[in-house]
There are 2 protein chains.
Amino acid sequence: MPNASTARTDESTRSRILDVAERLVQVRGFNGFSYADVAAELELTKASLHYHFRGKAELGEALMARYSERFAAALAAIDEKVLDAPAKLDAYAGLYADVLRGRRMCLCGMLAAEYHTLPEGLRGAVTRFFDANEAWLAKVLAEGRHSGSLRFDGEVRETARSIVGGLEGAMLVARSYDDPERFRSAAALLLASFTRPGTQAAA
Amino acid sequence: MPNASTARTDESTRSRILDVAERLVQVRGFNGFSYADVAAELELTKASLHYHFRGKAELGEALMARYSERFAAALAAIDEKVLDAPAKLDAYAGLYADVLRGRRMCLCGMLAAEYHTLPEGLRGAVTRFFDANEAWLAKVLAEGRHSGSLRFDGEVRETARSIVGGLEGAMLVARSYDDPERFRSAAALLLASFTRPGTQAAA
DNA sequence: GTCTATAACGAGATAGAC
DNA sequence: GTCTATCTCGTTATAGAC
């Protein structure tokens with residue numbers, strides 16, 4: 001059994017690898033970075049990376065697992081704040097806005113673009129991420145419609161999908177202009193179509 | 001000066017290279033295909049490709065030039081049909097739906113994802129494509145609002161941007177599920193928020 | 001216009017020492 | 001855990017024959 005120091009070092013290196021790889025995938029894509037890039041940035045060798053992750057496919061899966069966990073935790077944190085539905089949607093869009101800093105694309109949106117070149121394990125992780133997002137949004141939308149704080153036509157599930165797509169696309173485009181304000185503006189318009197003026201105040 | 005036959009052969013090979021490369025980029029990304037892929041599919045050698053396009057960057061630029069031209073022509077064709085604004089938006093979304101077949105992403109959306117790894121010339125082409133789309137949509141939106149066939153809050157330019165983003169994102173996600181219906185549904189919802197029931201029939 | 005041949009480099013991965 | 005050394009393969013690109 002490794003002692004505390006060894007275990008701590010191990011964990012730390014593993015997570016630093018994930019940090020660097022995550023950023024590289026979000027900025028350059030899964031096909032746009034290499035073990036050499038990660039190794040150079042951490043002043044390690046490629047061989048060392050192979051100790052922590054058997055190969056690029058496994059690294060990618062660890063990346064998605066951690067990202068999905070974090071996203072789920074962020075959604076749970078929004079739920080705990082007991083906001084009304086419009087405020088939850090705002091907070092949800094805020095998660096995307098946070099990601100967009102540092103010229104990053106949503107990890108999952110980036111992988112979605114490269115979908116047909118991804119190792120099998122990563123493909124499943126991508127759709128599961130979208131599924132989880134849609135399910136959370138569907139819950140919020142249903143709440144909001146029931147309480148009257150949101151107003152929209154169409155089915156809850158399809159509306160949730162259009163929100164995921166709308167935000168992913170807004171990120172995608174905004175990134176080409178290096179202009180987060182494009183995202184913010186598009187997200188605001190998108191959400192405004194559900195939270196109309198007077199919806200909360202008027203009868 | 002080359003004779004007619006030579007010129008015809010040249011054009012044909014050049015355009016067949018563009019056809020194959022275009023599909024490969026749309027499906028696998030600019031960093032997900034190689035000269036070898038194109039050459040194999042056309043039963044040519046890589047060296048022959050270099051005769052037609054100096055390098056991958058030049059091929060990419062030719063790809064974007066042709067794609068942008070075609071898109072502009074498609075927009076002009078919509079304009080010539082003298083449709084009302086809602087019908088123009090439907091036709092616009094239809095262009096995206098056409099692209100989505102064959103598991104393809106919008107060429108420009110794909111390049112937007114890979115933006116930070118692209119050769120300089122290609123980056124400019126990406127933003128010019130989005131600019132042209134936004135300008136066309138802005139014109140349609142302004143027309144529709146003026147004639148009363150469209151109803152939306154927010155500025156015309158920002159609304160145009162949210163449509164481009166919304167459609168690109170809907171494509172991006174739908175492709176991961178190999179389900180064009182996801183796109184159709186999200187696009188319909190997006191456009192429905194501008195063309196509300198009764199907008200055209202009611203006073 | 002297309003080919004063969006090859007250069008020059010980078011990517012993903014492994015063996016085995018320390 | 002990390003290293004050096006090495007392997008194999010793919011990628012972009014060029015030279016020069018046909």
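Just so it is clear: chains get the letters A, B, ... in the order the sequence lines come, proteins before strands, and each one is counted from 1.
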According to the side chain to side chain donor-acceptor pair (under 3.5 Å) rule, which pairs have a member within residues 166-180 of chain A, sequence neighbours left out? A:Arg103-A:Asp178, A:Tyr177-B:Asp131
Residues in side chain to side chain contact (heavy atoms under 4.5 Å, CB included) contact with A:Glu143, at least two apart in sequence or another chain: A:Lys88, A:Lys139
According to side chain to side chain contact (heavy atoms under 4.5 Å, CB included), who are the partners of A:Ala125, at least two apart in sequence or on a separate chain? A:Met64, A:Arg128
Does A:Ala87 have any side chain to side chain contact (heavy atoms under 4.5 Å, CB included) partners at least two apart in sequence or in another chain, and if so, which? A:Leu83, A:Asp84
Spacing between A:Leu24 atom CG and C:dA11 atom P, to the nearest angstrom: 12 Å
Base contacts versus sugar-phosphate-only contacts with protein, heavy atoms under 4.0 Å: please encode nucleotides 4-18 of chain D as B, S and - from 5' to 3'. B------SBBBB---
Which residues pass the ring pair (Phe, Tyr, Trp, His ring centres under 6.0 Å) test with A:Phe130, not counting sequence neighbours? none
Nearest-angstrom distance from the residue atom CG of B:Asn31 to P of C:dA11: 11 Å
